[in-house]
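Below is one structure, written out as structure tokens, with a few remarks after it.
What you see below is based on every heavy atom in this structure, not just the backbone, and it leaves out hydrogens, waters and symmetry mates. For this chain, numbers begin at 1 and follow the sequence in order. Every value quoted in this text rests on a predicted model; they were computed, and no experiment measured them.
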Amino acid sequence: MKARRFPAPAKFKVRQYKDDDFETLYAIDQLCYIPEIAYSRAELRWYLALRGAECWVAENAGTKRGAAKIVGFIVTTSRGAHGHILTIDVLEKFRRSGVGRSLLRRAEGELQKRGVREIWLEMATDNDGTIAFWKNRGYGARGRLPHYYPNGVDAFAMSKSLATRTLESK
Ligand SMILES: CC(C)(COP(=O)(O)OP(=O)(O)OC[C@H]1O[C@@H](n2cnc3c(N)ncnc32)[C@H](O)[C@@H]1OP(=O)(O)O)[C@@H](O)C(=O)NCCC(=O)NCCS
């Protein structure tokens with residue numbers, strides 16, 4: 001039988017954001033979204049400084065030849081039992097290897113520790129791959145927000161209850 005080759009599993013760790021990461025996160029966000037939706041530096045700074053904001057970054061392990069590199073990040077905020085995912089970004093080259101899932105798991109765990117019982121987010125209705133990501137992680141569409149994005153695209157408001165179900169472990 002012919003042997004099949006599978007891509008090696010990505011090696012990365014999820015850690016808390018540091019101020020030095022800012023420019024890298026800004027650059028990643030510019031690459032992940034079209035210009036109308038990507039955050040300006042001022043917007044990203046504002047979101048990171050929000051009361052209750054938390055940011056987690058995924059960093060690959062680095063090699064003998066290269067330093068560790070940030071490959072994705074997630075920003076959340078919370079108030080009481082309400083959590084909100086502001087953005088999740090993974091560099092295209094590192095997608096579909098579990099980075100997004102790991103970032104989300106960490107962020108959800110930290111939100112739960114803070115007493116959050118329900119997490120909300122908005123996603124563009126034309127972002128086909130992303131809807132599968134959220135549905136697989138237990139998020140359901142709760143409504144449609146017309147012209148939510150600056151380019152006129154609608155958003156789905158999505159949420160997941162942490163009170164009635166355990167965190168996804170996939
Ligand atoms: C959405 C995003 C964060 C996912 O990150 P990722 O690291 O690729 O996600 P994972 O590898 O952890 O994917 C976990 C699972 O989600 C689903 N999934 C993720 N991306 C998918 C896609 N494009 N199409 C279909 N399913 C997808 C799959 O079930 C996947 O598991 P599998 O690879 O074993 O099939 C990433 O695609 C991204 O940064 N996109 C651009 C920015 C963006 O749109 N962010 C979300 C805004 S709401």
Item to check | Heavy atoms from other residues, nucleotides or ligands near CD of E92 exceed 12 (cutoff 6.0 Å) | outcome: no
Item to check | More than 12 heavy atoms from other groups under 6.0 Å of CH2 on W120 | outcome: yes
Identify whether [X] and [Y] are in the same connected component of the hydrophobic contact network (ILVMFWY, side-chain heavy atoms under 4.5 Å).
X    : Y    : value
F133 : L31  : yes
Y33  : L25  : no
W46  : L121 : yes
V116 : Y47  : yes
V153 : M158 : no

Closest non-hydrogen atom pair, [X] against [Y]:
X   : Y    : result
Q16 : V57  : O-CG2, 4.5 Å
V14 : S102 : CG2-CB, 4.0 Å
D29 : Y39  : OD2-N, 2.7 Å
V99 : F94  : CG2-O, 3.8 Å
C32 : D89  : SG-CB, 3.7 Å

Return the [atom1] to [atom2] distance between [X] and [Y], rounded to the nearest 0.5 Å.
X    : Y    : atom1 : atom2 : result
Q30  : S40  : CD    : OG    : 8.5 Å
L44  : T87  : CG    : OG1   : 8.5 Å
L104 : N136 : CG    : CG    : 11.0 Å
I119 : L111 : CD1   : CG    : 4.5 Å
H84  : L50  : NE2   : CG    : 10.5 Å
S159 : Y139 : OG    : OH    : 9.0 Å

Item to check | Side-chain touch W134/N127, heavy atoms, less than 4.5 angstrom | outcome: no
Item to check | Any D126 side-chain heavy atom under 4.5 Å of Y149 side chain | outcome: no
Can any side-chain N or O of [X] pair as donor or acceptor with the backbone N or O of [Y] at less than 3.5 Å?
X    : Y    : value
R41  : Y26  : no
D154 : H147 : yes
K160 : R137 : yes
R106 : W56  : no

Item to check | Cationic N near anionic O, under 4.0 Å, E110 to K113 | outcome: yes
Checklist entry - Salt bridge between D21 and R15, side-chain N to carboxylate O under 4.0 Å? => result yes
Checklist entry - Side chains of Y148 and E122: do they bring a donor and an acceptor to under 3.5 Å? => result yes
Side-chain donor-acceptor contacts of residues 66-83 below 3.5 Å, not counting sequence neighbours, with atom names and distances?
from : atom 1 : to   : atom 2 : distance (Å)
T77  : OG1    : R51  : O      : 3.2
S78  : OG     : R114 : NH1    : 3.3

Checklist entry - Regarding R45 and the six-membered ring of F22, is the cationic atom NZ or CZ under 6.0 Å from the ring centre and inside 45° of its axis? => result yes
